[in-house]
Every structure is written in C-alpha cells, then in structure tokens.
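In the text below, chain A, chain B and the rest are named by the order of the sequence lines, each starting its count at 1. Everything numeric here is computed off the predicted structure, so don't read it as measured data.
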2 protein chains.
Amino acid sequence: MIELSGTNASAIAERFKALGEPMRLLLLEALRRGECSVGELAERTGGGQANVSKHLQVLLQQGYVDRRKEGTTSWYRISDPQVFRMCELVCGGLEQELDRKRKLLRRRK
Amino acid sequence: MIELSGTNASAIAERFKALGEPMRLLLLEALRRGECSVGELAERTGGGQANVSKHLQVLLQQGYVDRRKEGTTSWYRISDPQVFRMCELVCGGLEQELDRKRKLLRRRK
DNA sequence: TTCTTATATTACTAGGTAGTTGTACTTACT
DNA sequence: AGTAAGTACAACTACCTAGTAATATAAGAA
C-alpha cells in the first residue's frame, strides 16, 4: 500500500504534475467522449501536432491514457477514469477557494 | 458549478501544479498531524527556512492550508482536507501503474 | 519505388521554478 | 533604546518545460 512519505513523494508529485498543465487537461477532457487520434485532438484543442503528441507522451507515461496503433494513426483513450474524479475534487476546491476570495474582497471594500 | 473546460483549465491546472512538488507534499503530510510553525516544518522536512516559507505561500494561495499569526511565529494548518483524498487517488493510480510496468518488464525477459 | 499521410522525435527558444543566500520586517524581551 | 527570534521577501543561479519548426519514422497508396 503506497502512502505519502519521503521516499515516494517524488513519484506522487510526478503524477500530480502531469495533471498540472492546461493543455493536458484539455486532452483528457476531449478523450472523455471516447477514443481520439492525435490529429483529432490537435484540432479539438487548437494545439499544434508536435505539442499535442508530446503532451500525450506524458499522459501515456503516467498511465492516464492508453494507445492503440492502426496503420499510421495512433488512437488514444482514457486508461484511468479516476482522473476525472480527481478533477471533480479539484473543481470543488477551486469553487470553495473562489468563494473565500470573493468574501475577502467584499470585506476590504 | 465549475467543470473542466477551456476557460478554466488554467485555474484547475494551477491547483494540480501546487501539488506537483515533493516538498509541498511533505509539508502537507507533516501538517496532517496538526498545526505547525514554519520552523517546525523546516525541521521535519529537512528543508531550508526560506524555501519552506515560499512553498507554504503557494499552498496558502491555493487554499490548501491556512495561517494564524501569533507573535513572531506563523502557525500553518490544513485548510482543505480533501487534499488527502486526492493523494489517496494518486497513490492508487501509482500502484496500478507500477503493477502494469512490472508486468511489461516481465514480458520482455 | 515514389509519394502521401499521420505521428514521433529532435533542436531550439523563452519563460518559469526550486533552492540558496542575504536581508528586511515584525514582535517580544531586557 | 537595543537585542534576539521567527518569518517573509528579493536577488541570483541552475534547471526544467511548453511551444514551435524542422526532420525522422512508419504505413499505406499510386
């Protein structure tokens, strides 16, 4: 059972860091509907082909997505659906945080 | 209700990024037992005072921790306990990922 | 084979960030 | 007042990374 401690803090941080990039989050969101090719993902996210491919390697390396090759095209899909549960938690925290900051601003007026 | 989309992908990524650093994870883990001063945290994590203080500002800014000043010392504590739920999810995914990679290595022998 | 398509990789640049050192600031104590 | 303790901040360095452009690789089509 892996837990947060000095020995594996780096490995855990790597997994968080992989999600700490807007383009990679957009790629995951695009893949939520189903399998996509690199070209489709580049079109949907508005990113360049090389950049999208590089970000996909990061997500692949961390096991958030999986890949299937067919001819010259690579089909990517979500491999760990828990990633969306994590996004929900972060969104919830973000919402609370925005509320808190709004109240602080109101107090300062 | 905040969701993952183009407009707020950056804000969500910022919150993930704040957790994507080993020292900050160690600080959260140290604070799990209860309130700590900066000096105590520096001692427990083995980090320098200035560096610990800087990382704490990041966690504070994102609302993961809260601060209370008493005399010259600052007492930090966990503000959003959900952060540990996220660590559990990441640890679970990490475990699955390690299993998967072990199997791949075995297959290549 | 030659050309085309789709993806991966390399080299490069600009911006960001962790860690350290030194210092300023604030509070308490004498 | 002066001193000490605890923290925050600024400046600096070394490293990392997102994005881009060019190229390499691989599979199919003509």
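Looking only at distances, no side-chain donor or acceptor of Gln62(B) sits under 3.5 Å from a matching main-chain atom of Leu59(B). Asn8(B) places a side-chain N or O within 3.5 Å of a backbone atom of Glu3(B) that can act as its donor or acceptor partner. For the pair Thr45(B) (side chain) and Leu41(B) (backbone), a donor-acceptor distance under 3.5 Å is present.
Contacts of Ser74(B) with the nucleic acid, taken as non-hydrogen atoms under 4.0 Å apart, involve only primed sugar atoms and P, OP1 or OP2. Among the protein residues, Thr73(A) comes within range of the sugar-phosphate backbone only, with heavy atoms under 4.0 Å from sugar or phosphate atoms but none that close to a base.
Counting heavy atoms from C-beta outward, Arg32(B) and Phe84(B) have side chains that approach closer than 4.5 Å. Between Arg24(B) and Tyr64(B) there is no side-chain heavy-atom pair separated by less than 4.5 Å.
Applying the side-chain hydrogen bond (donor to acceptor under 3.5 Å, both in side chains) test to pairs two or more places apart or on separate chains, those with a residue in residues 82-97 of chain A are Arg85(A)-Glu88(A), Glu97(A)-Arg100(A).
Nearest-nucleotide assignment on DNA chain D puts the 5′-proximal partner with Lys17(A), out of Glu70(A) and Lys17(A). Along DNA chain D, the nucleotide closest to Gly71(A) and the one closest to Gly47(A) are compared, and the more 5′ of them pairs with Gly47(A).
Taking atom CG of Leu27(A) as the reference point, atom P of dG19(D) lies 10 Å away to the nearest angstrom. In this structure, the CG atom of Asn51(B) is 14 Å from the C1' atom of dA14(D), given to the nearest Å. Rounding to whole angstrom units, CD of residue Gln57(B) and P of dT17(C) are separated by 15 Å. Computed from coordinates, the Leu41(B) CG to dG19(C) P distance equals 15 Å when rounded to whole Å. As a whole-Å value, the separation of Met23(A) CE from dT20(D) C1' is 12 Å. Between the P atom of dA18(C) and the CZ atom of Arg24(B) lies a distance of 5 Å, rounded to the nearest Å. Atom CD of Glu40(A) is separated from atom P of dT5(C) by 17 Å (rounded to the nearest Å). Across the protein-nucleic acid pair, Lys54(A) atom NZ and dA11(C) atom C1' stand 10 Å apart, rounded to whole Å.
Of all nucleotides listed (dA21(D), dA8(C), dG19(C)), dG19(C) comes nearest to the side chain of Glu21(B). Listed nucleotides: dT7(C), dA21(D), dA8(D). Nearest to the side chain of Ala50(A): dA21(D).
Residues from residues 3-15 of chain B placing a heavy atom under 4.0 Å of any atom in DNA chain D do not occur.
Taking side-chain N and O atoms only, His55(B) has no distance below 4.0 Å to OP1 or OP2 of dT17(C). At the phosphate of dA8(D), OP1 or OP2 sits under 4.0 Å from a side-chain N or O atom of Arg67(B). In terms of phosphate contacts, Tyr76(A) brings a side-chain nitrogen or oxygen within less than 4.0 Å of OP1 or OP2 of dA8(C). Contact annotation: Thr72(A) does not reach the phosphate of dG28(D) (side-chain N/O to OP1 or OP2, under 4.0 Å).
Where the helix from dT1(C)-dA30(D) to dT30(C)-dA1(D) starts and where it ends, the local axes point in directions that differ by 10°; five pairs per end, rounded to 10°.
A cation-pi arrangement is not found for Arg68(A) relative to Tyr76(A), the charged atom failing to lie both closer than 6.0 Å to the ring centre and inside a 45° cone about the ring normal.
Distance CG/Leu98(B) to NZ/Lys103(B): 12.0 Å, rounded to 0.5 Å. Atom SG in Cys87(A) sits 5.0 Å away from atom CG in Leu4(B) (nearest 0.5 Å).
With hydrogens and angles left out, the side chain of Gln49(B) and the base of dA8(D) share a donor-acceptor pair within 3.5 Å.
When the shell of 6.0 Å around CD of Gln57(A) is examined, it contains more than 12 heavy atoms from other residues, nucleotides or ligands.
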